[in-house]
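Below is one structure; the comments refer to it alone.
Any value given below was found using the heavy atoms of this structure, including those in side chains, with hydrogens, waters and symmetry copies removed. Residue numbers count from 1 along this sequence.
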Amino acid sequence: MKADVLLGLQWGDEGKGKVVDVLSAGYQVIARFQGGPNAGHSLQFNDQKFILHTIPSGVFHAGKMNVIGNGVVIDPSTFAEEVAMLTGAGFPPQENLLISRKAHLILPTHRLLDAASEAAKGKTRIGSTLKGIGPAYMDKTGRNGLRAGDILRPDFRERYETLKKKHLSLLRMYDYPADPSDMEDAWFKGIEVIRRFRLVESEYFLNRMLDEGRSLLAEGAQGTLLDIDFGTYPYVTSSNTIAAGALTGLGLAPSRIGRVYGIFKAYLTRVGSGPFPTELHDEEGERLRQQGHEYGATTGRPRRCGWLDLPALRYAIMLNGVTELIMTKPDVLTGLDSFKVCTAYRIDGKETLELPHSLDEDIVPVYRTFPGWKEDISQARHFSDLPEALRNYIGFIEKETGVPVTMISVSPDREAIIRR
Ligand code: GDP
Ligand code: IMO
Ligand code: MG
């Protein structure tokens, strides 16, 4: 059996949580492969709304195994809150969640270092979620990190104190007054919560599952344009959000990968700093924000809104080897007389379809205007239920990218999905 991957093709918040929840019905194992509590994955069913940060979005389906892979960074405090939320809602995850022993831990001082680093950057700050993601991955690659499996060692507290001491001296270098002590109580309680879960060598577990013919869906976090290598550096996150991240983040060989589902919004959003060539600074952008409830699921920050960027979408499809596209939120465009799509960039007077090394350059988007539609589409369940203008828009994207749009989401609810 091959593993399928679902990942975001934009700057995150494409609707991964909702679609993974929908697709989970057809998979036996769902695994997160990178990122951490910077992610906020929303899903909705039976009039209940949930936001997950670390736990895979398959957790609401009985009989499915969920795995937090080695590529993820876990904050025990956030993790414990998530477990409490799920337990309170009647979905206790103890039996259907495994945690990789190789997943790294986010310490309270990582969060402080994130804040110190952002404060020091001033105007050039990344707009980080301040969840400690960057500093935790820095300790991973710097070979200083603590891993989930370390909590079982007798000298775990000592190792924690050693790393904390290093962080405190870094914080002094930043001249950032910070004291982690009021965060430590919750953090160590979180460690006790993690202890109640099965800590495993998840690479063995996942490969064994595939050998036994079980189906596996890998759930990405963030999006391709936030990838550490190929995103809008330095305004990116600190992990590989692309399909390659699923290999390193789960311990799967390239030959193990089957379908790659690429998910994108019918328009575009970004939260935090960094270039955004098709951003709208006018009332049209504000309309998208209000209609689409474009406020961060993790930080509550208003998301920046703009038109779909086809050069960027094609780039993401190339990097990920996307085999199927999933469009979300076309319902947010309902009611517009017309809307735009960027089909190329004009840089120094020349048109190009390729992304330059930095999107900071003077890019003038070349737009094509599409007619809108007025019909409410949130109850549509078949492609033929959709207005012609939207069907044409989808056809245009398929033609431009060469990849079929196999699913269309038309409202936040689990039921609101069109499969083709
Ligand atoms: P994720 O990070 O990719 O999982 O996406 P988020 O959960 O951060 O943001 C997506 C938002 O859009 C959430 O509030 C979802 O409930 C909502 N959403 C998902 N799909 C649709 C859709 O098709 N239409 C509308 N209107 N909202 C959607
Ligand atoms: P999901 O999985 C949208 C953005 C932050 C910031 C940059 C770096 O919900 O799609 P970090 O905290 O990683 O240091 O922040 O990346 N960012 C996201 N934007 N959705 C996310 O996750 C994001 N995770 C990080 O806003 O600009
Ligand atoms: Mg999100």
Side-chain angles (χ1 to χ4, degrees), residues 6-24 30 32-60 66 68 72-75 77-86 88-89 91 93 106 111 114 126-133 219-226 235-239 241 263-274 276 285 288-306 326 328-329 331-332 409-414 416-417:
L6 179 139
L7 40 78
L9 300 179
Q10 298 168 326
W11 278 294
D13 305 329
E14 297 91 349
K16 298 175 290 292
K18 175 203 160 148
V19 175
V20 169
D21 173 54
V22 170
L23 289 175
S24 290
I30 297 92
R32 269 282 301 270
F33 58 87
Q34 45 67 234
N38 48 349
H41 293 181
S42 323
L43 44 103
Q44 193 175 310
F45 54 88
N46 299 341
D47 291 327
Q48 290 172 285
K49 205 179 160 167
F50 300 94
I51 299 176
L52 295 168
H53 301 287
T54 317
I55 296 177
S57 304
V59 75
F60 297 99
N66 293 272
I68 297 178
V72 175
V73 286
I74 305 172
D75 184 329
S77 318
T78 328
F79 177 76
E81 284 169 20
E82 251 176 286
V83 170
M85 179 276 285
L86 289 170
F91 300 93
I106 301 174
R111 270 152 67 180
D114 217 353
I126 311 294
S128 163
T129 60
L130 302 179
K131 301 294 174 189
I133 305 295
E219 173 180 0
Q222 289 79 56
T224 301
L225 303 178
L226 289 169
Y235 302 100
V236 294
T237 191
S238 299
S239 63
T241 59
I263 180 167
F264 70 103
K265 276 183 205 178
Y267 51 99
L268 190 53
T269 64
R270 164 162 216 171
V271 56
S273 331
F276 183 171
L288 289 174
R289 182 155 39 249
Q290 296 313 326
Q291 289 293 116
H293 304 287
E294 296 295 357
Y295 293 88
T298 294
T299 58
R301 290 178 293 176
R303 294 175 183 152
R304 300 156 63 192
C305 297
I326 302 173
T328 60
K329 308 188 91 164
D331 54 291
V332 175
S409 166
V410 290
S411 96
D413 197 81
R414 184 190 271 179
I417 196 93

Do [X] and [Y] come close enough that some side-chain heavy atom pair is under 4.5 Å?
| X | Y | value |
| --- | --- | --- |
| Leu268 | Leu288 | no |
| Asp21 | Phe50 | no |
| Asp331 | Ser409 | no |

To the nearest 0.5 Å, what is the distance between [atom1] on [X] and [atom2] on [Y]?
| X | Y | atom1 | atom2 | answer |
| --- | --- | --- | --- | --- |
| Trp11 | Lys265 | CH2 | NZ | 12.0 Å |
| Cys305 | Gln290 | SG | CD | 9.0 Å |
| Ile74 | Ile68 | CD1 | CD1 | 5.0 Å |
| Thr54 | Ile106 | OG1 | CD1 | 7.5 Å |
| Ile326 | Leu23 | CD1 | CG | 5.5 Å |

For the residue pair [X] and [Y], what are the closest heavy atoms and their distance?
| X | Y | value |
| --- | --- | --- |
| Pro93 | Val59 | CB-CG2, 4.0 Å |
| Val20 | Ser57 | CG1-CB, 3.7 Å |
| Ile51 | Ser42 | CG1-OG, 4.1 Å |
| Asp413 | Asn46 | OD1-N, 4.3 Å |
| Leu9 | Glu14 | N-OE2, 3.4 Å |
| Thr298 | Pro37 | CG2-O, 3.5 Å |

Without hydrogens or angle criteria, can the side chains of [X] and [Y] be said to hold a donor-acceptor pair below 3.5 Å?
| X | Y | value |
| --- | --- | --- |
| Asp13 | Thr269 | no |
| Thr237 | Gln222 | no |
| Asp75 | Ser77 | yes |
| Glu219 | His41 | yes |

Candidates Arg270, Arg304, Arg303 - the one meeting salt bridge (Lys or Arg N to Asp or Glu O under 4.0 Å) with Glu294:
Arg303
I would like to know whether Phe60 and Leu52 meet side-chain contact (heavy atoms from CB on, under 4.5 Å); could you show each step before the answer?
CA-CA 11 Å; Phe60 297 99; Leu52 295 168; 3.8 Å; yes
Using atom types as modelled and distance alone, determine if a side-chain donor or acceptor of [X] lies under 3.5 Å from a backbone N or O of [Y].
| X | Y | answer |
| --- | --- | --- |
| Lys16 | Gly223 | no |
| Arg32 | Gln34 | yes |
| Lys131 | Gly36 | no |
| Ser239 | Thr241 | no |
| Thr224 | Gly8 | yes |
| Glu81 | Phe79 | no |

Parallel, tilted or perpendicular: ring planes of Phe91 versus Phe45, cut at 30 and 60 degrees:
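Plane angle over 60°, so perpendicular.
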I need the single residue from Thr328, Val22, Val410 that forms a side chain to side chain contact (heavy atoms under 4.5 Å, CB included) with Ile417. Which is it?
Val22
